[in-house]
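Just so you know, residue 1 is the first one in the sequence shown, and it goes up from there.
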Amino acid sequence: MSKGSPISPSLMATKSAGAHKAPERIERPADAGVEHAAASPVLGPNNVVPPTVMTGSQAIVRSLEELGVQDIFGLPGGAILPTYDPLMASKMNHILVRHEQGAGHAAQGYAMVTGRVGVCIATSGPGATNLVTAIMDAHMDSVPMVAITGQVASGVIGTDAFQEADIVGITMPITKHSFLVTDPNDIPHVMAEAFHLASTGRPGPVLVDVAKDAQQGQMTFSWPPKIDLPGYRPVVRGHSKQVREAARLIAAASKPVLYVGGGVVKAHASAELLELAELSGAPVVTTLMARGVFPDSHPQHVGMPGMHGTVSAVTALQQSDLLITLGARFDDRVTGILKSFAPNAKVIHADIDPAEISKNRTADVPIVGSVKEIIPELSDALRLQFEASGTPDLSNWWAFLNNLKETYPLGWTEPEDGLSAPQRVIERIGALTGPEGVYVAGVGQHQMWASQFIKYERPHAWLNSGGAGTMGYAVPAAMGAKVGEPDRVVWAIDGDGCFQMTNQELATCAINKIPIKVAVINNSSLGMVRQWQTLFYEGRYSNTDLNTGHDTVRIPDFVKLADAYGCASFRCERDEDIDATIQKALAINDRPVVIDFVVSPNSMVWPMVPAGVSNDQIQVARNMTPDWEEED
């Protein structure tokens, strides 16, 4: 097996779920119910339930209740129908979605804002395969999620029975583990193991596929079950020698950078990060997945790195002599051409997943463990190092970076067509809602603008599909986030293309009184694809015009569509109406709100590092690259 490859669940699968255990990765954040070493690994209150005869379906529902599950997103069908019957009597809140992909993304959004495991449920065949996109998305972004699917009866598995799909095989590469349950007696321990795997170490999705006859069969339920996952022992604490060596490198560096990824958000380690940053005095860059884990307003924050990052953040990494990498993975959207990325930097890399360390960039000091534990250990070691060798002088480094921040701030060019700039719309949404809101983006230009022009001051305020880039993520993920955090304002900032992929979940929101607010950034096109066509295909706009915006046939008319779904709906086409329209939306809390913001199709996302080039070639506008002479 090559380094970094997931262990294939199907290679270990038998018809008994108890016969395959995955020695994978993961550790639950401290403020999300993680147990100490002596505590039970089974989630929930660990009530003692004496042996009780029930069906497998009743055991699924009872297991979820005992695991502390409060909310489930799902859609019934034939193979999962036995489980939906006892679910009707449960106190758990089941939310009936309109598409299984919506259930998966809703479970993701719920998990992202609460820190608890998100749960989605679907039937066999197409029901299960409709979950695949969300499962893959959760895998790429390390979201704790358990997907429960019905399967055809065990006796006909492999015969191409009606609505049969090998969902365990399909999800092998995109889950931490996939269980196939054919014996109802396996259900309690499989459910407990699934939640343990999903929520510990590096979080991720776990699939539990339950044959229909296992749901209908009789079994003896007791709780808590024994978790038996041989080989699955996530390392939590960093190696003390490596931590001391990291502190030594930080004390010796003249151009250090804290390169902070989404793992710090998942570990709920924002307070620990703030302490380390202020102690070290180093600049902080937060990746797309880490926005908000370090306050944008903090003077040490130099921005988001990557393809559409700030000039100051991208250059800080490129010019650095030491990358203090915390819960990040050196993905291609951050590094650009890998061999040219931060060429003079040594690397400290701390991550819960050992497969990530030295996968893309060799680490000089690798530290395996939870950043929740490692960051305080590093702070303690750094204090001792500073006492011994003195605090480094970073004044020249900061003078250079602060000059970049002042010279190349984020901004936009006003459109020449008289339509609104989408950046202004998004900036005003953030300004009028404030940092306590939750902002969920789809994928494309609007995603980048939302990451750039909303000020994030706290973790779990920014949700997006980072690794997978899934169009259709925003509306259902915002729905899940609102269920998890009902007292916060939740915005889905979506594009007119993304919105048309999952807007059926507006029906779910309206009927279940989930009052999300949807801002459709309507540039009448697949915006990011169109931008690339402008820049790299000589303006040949092949199949990117959606006919939804200004001076088009407006199919669909988003205002009429939202009205049909029982939502409040508005259209905003002028700059002078932006604030008033947003304030109208903020005042409505009894139903979902959809705003059709008609904006210019010609606005582009800048800065930009074109694909296939070094980050040194970052452009602040078309064919405009910063002048680096003053760095000397």
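- Ser389 pairs by the side chain to side chain contact (heavy atoms under 4.5 Å, CB included) definition with Ala251, Gln385, not counting sequence neighbours.
- With sequence neighbours left out, the salt bridge (charged side-chain N to carboxylate O under 4.0 Å, His left out) criterion links Asp296 to Arg291.
- Ring orientation note: the planes of His298 and Phe294 are tilted relative to one another, at an angle of 30° to 60°.
- Residue pairs meeting the ring-ring contact (aromatic ring centres under 6.0 Å, His included) criterion with at least one partner in residues 312-331, sequence neighbours excluded, are Tyr259-Phe330, Phe330-His349.
- Here Ala111 pairs with Val143, Pro144 under the side chain to side chain contact (heavy atoms under 4.5 Å, CB included) rule; sequence neighbours left out.
- Take Ala421 and apply the side chain to side chain contact (heavy atoms under 4.5 Å, CB included) test, not counting sequence neighbours, and it matches Trp412, Glu414, Pro415, Gln423, Arg424.
- Contacts classified as side-chain hydrogen bond (donor to acceptor under 3.5 Å, both in side chains) and involving residues 442-453 (residues at least two apart or in different chains) are given here: Gln445-Asn523, Gln445-Gln531, Gln447-Asn464.
- Note on residues 467-486: pairs passing ring-ring contact (aromatic ring centres under 6.0 Å, His included), not counting sequence neighbours, are His105-Tyr473.
- Relative orientation of the Tyr439 and Tyr456 rings is perpendicular, given thresholds of 30° and 60° on the angle between their planes.
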Show your reasoning for whether side chain to side chain donor-acceptor pair (under 3.5 Å) applies to His301 and Thr286.
CA-CA 8 Å; His301 191 256; Thr286 52; 2.8 Å; yes

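- A side-chain hydrogen bond (donor to acceptor under 3.5 Å, both in side chains) check over residues 303-313, counting only residues at least two apart or in different chains, returns the pairs Thr310-Ser312.
- Every residue two or more places apart in sequence or in another chain was checked for a side-chain hydrogen bond (donor to acceptor under 3.5 Å, both in side chains) with Ser603, and none qualifies.
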Using distance only, find each side-chain donor-acceptor pair of residues 339-348 under 3.5 Å and give its atom names and separation, not counting sequence neighbours.
unit_1	atom_1	unit_2	atom_2	d
Ser340	OG	Ile337	O	2.9
Ser340	OG	Ser614	OG	3.3

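- Pairing each heavy atom of Ser280 with each of Ile250, the nearest pair is CB-CG2, 4.4 Å.
- Between Val371 and Gly327, the shortest heavy-atom distance links the atoms CG1-N, 4.0 Å.
- Environment of CZ in Arg458: crowded, with over 12 heavy atoms of neighbouring residues, nucleotides or ligands closer than 6.0 Å.
- How far OG1 of Thr413 is from CH2 of Trp606: 10.0 Å, rounded to the nearest 0.5 Å.
- With sequence neighbours left out, the side chain to side chain contact (heavy atoms under 4.5 Å, CB included) criterion links Arg383 to Glu275, Leu279, Ser379, Asp380.
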Review item, side-chain donor-acceptor pairs of residues 480-487, under 3.5 Å, at least two apart:
unit_1	atom_1	unit_2	atom_2	d
Lys482	NZ	Pro486	O	3.0
Lys482	NZ	Arg488	O	2.6

